[in-house]
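To start, the structure under review is shown below, and the notes come after it.
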Amino acid sequence: MKDTIAAISTALGVGAISIIRVSGNDAIKIANSITKRKILETVDSHTITYDHIMEDDKVIDEVLISVMKAPRTFTCEDVVEINAHGGITTTNRILKVLLKNGCRLAEPGEFTKRAFLNGRIDLTQAEGIMDLINSKTEKARNLAINQLDGKVSNLIKDLRNDIIQILANIEVNIDYPEYEDIEELTNEKVKPMLNDLEKKMKKILNESENGKLVREGIKTSIIGKPNVGKSSLLNRLLNEEKAIVTDIEGTTRDIVEGTISIDGILLNMIDTAGIRETNDLVESIGVKKSMELIDKSDLVLYVLNNNDVITENEKEILEKLKNKNYIVVVNKCDLESNLVLPEDIVNIVKISALEDKGIDDLKDKIKEIYNLENIETEDLTYLTNARSISLLEKAYDCLKEINNGLELNMPIDMVEIDIKEMWSILGEIIGETYQDELIDQLFSQFCLGK
């Protein structure tokens, strides 16, 4: 943390402007040493200075330099941002000169990591920055902004404050039993407090399923036997000819992917190879992948032919789908029907991919299954990533164990130990408690220069 780091913070390529960011105790000194005018150490904080970047008395580029002095910066350290003309050669040359004069190349996410370690943001806010960069829909952007603003952190902080109140009451009873004016805190009096806490945790966990949906989208696989119209369906949903469509069985041998947005939620769709017995090695690998995707997908669109009689293999797959979110898509509804489905099959949508009929009905069914219309659009304050949700689930399980202990009349001082453990687990979500390995792994996922 004592060394000064530098990295390119804009996408590397041809453009009007590129930004090279420097942060650390010597950021201003080093940046000043490579300028022509040598005045950066005298300018006011949060100002922009016109200058030239030099190397061996030769001009590299004409630039504007932003100087921001600690602690009112993103990293809480001195920060310099060099706004250069966009271009790979020029940008890399400026970075090279900075490294030559005392900077170290920043690791991926190291600027944000320093912001966290210096107390400017917590872990959920740091994750919100990455989510904002990667957001592909307006809902995902709103979700990330709420994380970045600290609204998600406040959910966890409120839970921890409730726990502190419970712990304070318990410790007063344990440490000062001689005071008569202190009401004795029994297991029966702790239970209502913990029940309220359990309700709050459960609510956050339930709503976090929506957050995960907004952030990651719905992994959707399109499966079925050859020539039922899987590729045609994908093309209709995407409104482009993404997948090759022919009358020849086995045309799709590997997965074909595409993405659409329904009510601000991404559908990450995969068109799979037709499921059938085959002696073709390449096609058989594709069929195997198709079967594996059934288990890995959030939603399965199982395409059947309206004018075919259902096979035993198709019945087996229908049985396999019963424990998943699925829609049976009956294609070629413009033809005479020979298809008779088992009576217990639900979520059936009839379409004609050829004539572009029923596609809106299919989208409506997806919205119905995932309740997309009821996902809040104004207050998207949810936990969104697997790390945070798993920690909250761990804390929730810990709370249930505490309640079980109270039912068995566990001594209140033993209950206190478990409550402190739950408080610590919640602290890991926002980074109040953490392990160095976790922090290194988390920030390594960020892009270079952020």
Side-chain angles (χ1 to χ4, degrees), residues 1-121 125-126 128-130 132-134 141 144-145 148-149 443 446-450:
M1 290 280 287
K2 292 183 179 180
D3 49 357
T4 299
I5 58 174
I8 300 165
S9 291
T10 47
L12 195 58
V14 178
I17 296 173
S18 63
I19 298 174
I20 302 93
R21 177 184 284 174
V22 186
S23 179
N25 294 335
D26 295 327
I28 299 173
K29 178 183 175 181
I30 293 173
N32 187 63
S33 70
I34 66 170
T35 60
K36 183 177 183 180
R37 298 170 65 198
K38 303 283 192 298
I39 62 171
L40 294 185
E41 292 182 282
T42 63
V43 302
D44 293 333
S45 181
H46 293 77
T47 58
I48 298 176
T49 300
Y50 168 81
D51 214 321
H52 293 81
I53 301 299
M54 308 292 292
E55 183 181 24
D56 300 330
D57 296 326
K58 294 181 180 179
V59 174
I60 296 176
D61 195 16
E62 180 184 34
V63 298
L64 293 175
I65 305 173
S66 302
V67 174
M68 295 161 278
K69 297 179 181 178
R72 293 192 305 117
T73 68
F74 178 64
T75 61
C76 295
E77 303 171 336
D78 286 347
V79 172
V80 174
E81 291 185 351
I82 301 172
N83 296 260
H85 289 97
I88 296 173
T89 304
T90 300
T91 306
N92 279 329
R93 185 76 175 274
I94 294 173
L95 177 61
K96 181 180 177 181
V97 174
L98 285 167
L99 299 179
K100 181 180 175 181
N101 282 269
C103 288
R104 170 177 63 78
L105 183 64
E107 298 172 358
E110 190 169 0
F111 292 97
T112 309
K113 181 180 179 180
R114 290 190 175 200
F116 164 71
L117 293 175
N118 289 328
R120 186 183 180 277
I121 58 174
Q125 289 174 300
I129 292 170
M130 182 51 64
L132 186 61
I133 293 171
N134 293 329
R141 186 192 66 79
I145 285 293
L148 194 53
D149 285 348
F443 287 104
F446 281 56
C447 52
L448 194 65
K450 190 57 186 170

Validation row: T49, T35 side chains within 4.5 angstrom (heavy atoms): no
D26 (side chain) donor-acceptor with T4 (main chain) under 3.5 angstrom: no
From R21 atom CZ to I5 atom CD1, the distance as rounded to the nearest 0.5 Å: 9.0 Å
Closest non-hydrogen atom pair, G24 against E77: N-OE1, 3.5 Å
R72 atom CZ, over 12 foreign heavy atoms within 6.0 Å: no
K69 atom NZ, neighbour heavy-atom count above 12 within 6.0 Å: yes
N25 versus K2, closest heavy-atom pair with distance: ND2-O, 4.0 Å
Heavy-atom side-chain contact between I129 and F74 under 4.5 Å: yes
Steps toward salt bridge (charged side-chain N to carboxylate O under 4.0 Å, His left out) verdict (E55, K100): CA-CA 10 Å; E55 183 181 24; K100 181 180 175 181; 3.6 Å; yes
Heavy atoms from other residues, nucleotides or ligands near NZ of K96 exceed 12 (cutoff 6.0 Å): no
Interatomic distance, T89 atom OG1 to I60 atom CD1 [nearest 0.5 angstrom]: 11.5 Å
I65 CD1 to I20 CD1 distance, which is reported to the nearest 0.5 Å: 9.5 Å
Side-chain heavy-atom pair I82, L98 within 4.5 angstrom cut-off: yes
Interatomic distance, D57 atom CG to K36 atom NZ [nearest 0.5 angstrom]: 10.5 Å
Any donor-acceptor N/O pair, T90 side chain to G87 backbone, under 3.5 Å: no
Residue pair T112 / M130, side-chain heavy-atom distance below 4.5 Å: no
Least distance between heavy atoms, A106 atom then A7 atom: CB-CB, 3.9 Å
pair V63-N83: side-chain heavy atoms closer than 4.5 Å: no
Exercise: identify the closest heavy-atom pair between S66 and I48: OG-CG1, 3.6 Å
M68 and E81, any side-chain heavy atoms less than 4.5 Å apart: yes
Under 3.5 Å: donor-acceptor pair, side chain of N32, backbone of I39: yes
Interatomic spacing from OG in S23 to CG in D78 - rounded to 0.5 Å: 8.0 Å
Separation of E110 CD from L117 CG (nearest 0.5 Å): 9.5 Å
Taking every non-hydrogen atom, the tightest pair across G128 and A144: O-CB, 3.6 Å
Test item: I17 and T10 side chains (from C-beta on) under 4.5 Å apart, heavy atoms: no
Distance-minimising heavy-atom pair for K38 and D51: N-OD2, 4.1 Å
Criterion side-chain contact (heavy atoms from CB on, under 4.5 Å) against V97, the qualifying member of I94, L99, N101, L95: N101
Under 3.5 Å: donor-acceptor pair, side chain of D61, backbone of I53: no
Close side-chain approach of R141 and L132, heavy atoms under 4.5 Å: yes
